[in-house]
Amino acid sequence: MTTENLNKERHWSIEKGFAAGGLVFALGLGLQIACGPVPWQDFAWPANIIILAILLSLIALMFMLRKRVYAFRWMMHGEAAVASITWALGLTMIMGLVPQLRSDGVPWLSQMLSFWPFVLVWTWMLIIDALACLNHISRFKLREIPFILNHLGVFIAIACATLGNPDMQQLQMTVYEKHSEWQAITAEGKVVEPGLAIQLHDFSVEYYPDGSPKRFASDISVHSKNGSQAQGTVEVNKALKVEGWKIYQYGYDSSMGDNSPYSVFLMVKDPWLPYVYIGIFMMLAGALCLMLFMAPKPIEK
Amino acid sequence: MSWDLFAYFALPSVLCWAAGAFFAWKGQASKVYAFSFAGLAIYFAFILGMWISLERPPLRTMGETRMWYSFFLALAGIIVYSRWHYKWILSFSTLMSFVFICINLAKPEIHSKSLMPALQSPWFAPHVIVYMFAYGLLGAATLVAAYMLIKKRGDMHKELNIMDNMVYVGLAFLSFGMLFGALWAKEAWGHYWAWDPKETWAAITWLCYLLYLHYRRICPGQWKDACLILLLAFVFLQMCWWGINYLPSARGLSVHTYNVG
């Protein structure tokens with residue numbers, strides 16, 4: 001085939017991809033109308049691991065049937081990548097232009113992360129990414145490593161970040177100086193007991209000469225239900241790690257400054273974090289490879 | 001070092017870079033390097049002086065990031081020149097650098113010493129410097145794309161090759177910036193990605209450069225489309241860098257808005 005014919009063929013193949021993306025979008029729109037926005041809170045453990053298992057099986061099945069089913073074979077190639085990235089780009093752009101709101105019952109486009117077409121288009125892109133990755137793994141050679149690092153890294157990071165999100169706990173705990181506190185509130189305003197108590201010994205603020213805050217820090221002890229204890233200073237950018245929780249300095253009574261009677265902490269537990277980090281570090285290594293090995297050779301004079 | 005002295009460092013630097021660009025047209029490579037590096041050294045001396053006198057990395061305000069941008073544009077120009085020996089690249093990079101220097105001279109922003117606690121992190125400098133380097137390279141790639149679209153004829157293989165190389169390296173740095181940002185956000189705010197408007201536009205920009213990369217591999221002959229994708233990506237990059245400060249969807253919501261004025 002001549003280069004020109006090949007170009008035409010590929011262009012046609014990308015256009016088919018745009019149409020396929022339209023189908024994915026329409027499917028999402030149907031789901032949105034029928035069931036409402038994506039119920040992310042229902043995807044907490046163990047639903048998320050089941051969804052991941054189904055997704056991975058689906059990808060494996062598509063890969064095994066690639067020789068028989070044209071659509072699956074098509075999805076392993078760059079044309080599919082171009083089409084799906086374009087769709088994801090378009091929808092993410094809408095998200096960037098429409099103010100995103102947290103409250104319930106807002107227009108679909110104001111809650112893009114729960115908008116089925118957005119979620120399905122990104123999922124479709126990830127499936128294409130995973131299939132391309134399997135394709136390269138199946139004919140593994142050392143020079144495939146950069147490709148695999150980039151594509152597998154993206155898949156692991158995004159899949160684990162998204163599916164793990166409902167399992168993440170983010171609690172706010174307000175503790176008064178010289179007191180300890182067991183109760184915290186969730187983002188939705190529910191009072192819960194995370195099983196850790198924070199005792200605030202001292203809270204302090206330092207200022208710059210121009211009056212803006214330079215550093216605020218809380219001197220705390222943490223007690224857990226099973227009797228263990230930890231001690232430390234928590235300040236912005238310096239969290240304290242206790243029994244799977246990370247305790248962040250979050251706020252204080254800024255009208256009182258250094259005399260604030262209390263300190264507010266953010267407690268975060270994210271069981272999927274290590275897997276997201278695996279993905280992120282693969283992407284970092286992949287980016288290094290992108291620059292060193294994947295860039296086309298310069299044309300010498 | 002104070003911002004008042006910027007012109008006394010920046011203008012000699014631009015003169016040096018312009019001299020470098022001139023000798024590039026003349027084909028006198030050793031003079032090109034001598035002048036270009038002299039310019040970089042003078043300019044960097046100012047950055048260093050600001051860094052020391054502010055007692056923090058000068059990376060916080062819009063003006064400070066523009067200052068780095070001028071530096072990295074000139075640096076990217078000389079790197080590209082050393083690798084591909086383009087006669088015109090240094091003229092372009094010097095001109096672009098000069099434009100950003102003029103903006104900083106016309107609209108100097110207040111550079112106070114204070115650095116809010118969230119920015120006091122070892123991640124701060126690498127996050128922003130890596131991003132500025134990516135912006136510099138991708139800006140230069142955009143210039144090549146614009147040049148190709150205007151010229152439109154002849155053998156474009158060399159231009160395409162240089163454009164691809166700059167995007168590959170630029171995208172790698174863009175990814176470093178984004179991922180360093182994610183790791184930092186986890187340390188500072190408790191989560192690595194919150195779809196803050198700046199993050200959303202960073203994702204859009206990143207996707208657009210990914211699109212360029214994939215498209216170039218699939219349709220190497222369709223270079224005009226590729227150039228258009230690159231121009232679009234650069235618009236997104238500007239949106240991410242400063243455009244969101246003026247976007248209703250981001251106002252007051254982003255933790256990333258620069259301290260303007």
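A note on names: the letters A, B, ... follow the listed sequences, proteins ahead of strands, and every chain is numbered from 1.
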Task: Region of A/K214 that comes under 4.5 Å of a non-hydrogen atom in chain B - done: both
Open item on the list: What part of A/M267 gets within 4.5 angstrom of chain B, counting heavy atoms only: side chain, backbone, both, or neither?
Closed with: neither
- [ ] Select one option (side chain, backbone, both, neither) describing which atoms of A/M112 are under 4.5 Å from chain B's heavy atoms.
- [x] neither
Task: Proximal component of A/Y277, with respect to chain B [non-hydrogen, under 4.5 Å] - done: side chain
Open item on the list: So which residue, A/I14, A/L292, A/L97, ends up with the most heavy-atom pairs under 4.5 Å with chain B?
Closed with: A/L97
TODO: Select, from A/Q170, A/M168, A/K246, the one with the greatest count of heavy-atom pairs under 4.5 Å involving chain B.
DONE: A/M168
Side-chain donor-acceptor pairs of residues 206-214 of chain B under 3.5 Å, sequence neighbours excluded:
from   : atom 1 : to     : atom 2 : distance (Å)
B/W206 : NE1    : B/S175 : OG     : 3.0
B/Y212 : OH     : B/D164 : OD1    : 2.6
B/H214 : ND1    : B/L210 : O      : 2.8

TODO: Can you tell which part of A/L284 gets under 4.5 Å to a heavy atom of chain B, answering side chain, backbone, both or neither?
DONE: both
Open item on the list: Does anything in residues 222-236 of chain B reach chain A? List residues with heavy atoms under 4.5 Å apart, or say none.
Closed with: B/Q222, B/D225, B/F236
- [ ] Please round to the nearest 0.5 Å and tell me the distance separating atom CD1 of A/I94 and atom CD1 of B/I204.
- [x] 10.0 Å
Open item on the list: Given heavy-atom pairs under 4.5 angstrom as the criterion, report whether the side chain, backbone, both or neither of A/E235 touches chain B.
Closed with: neither
TODO: State, to 0.1 Å, how close A/M93 and B/W201 come at their nearest heavy-atom pair, and which atoms those are.
DONE: CG-CH2, 3.9 Å
Task: Residues from residues 82-89 of chain A approaching chain B under 4.5 Å (heavy atoms) - done: A/V82, A/I85, A/T86, A/A88, A/L89
Open item on the list: Do A/K238 and B/Q120 have side chains that approach each other closer than 4.5 Å (heavy atoms only, starting at C-beta)?
Closed with: no
Open item on the list: Please report the interatomic distance NZ(B/K186) to OH(A/Y248), rounded to the nearest 0.5 Å.
Closed with: 4.0 Å
Open item on the list: Using a 4.5 Å heavy-atom cutoff, which residues in residues 145-157 of chain A come close to chain B?
Closed with: A/H151, A/V154
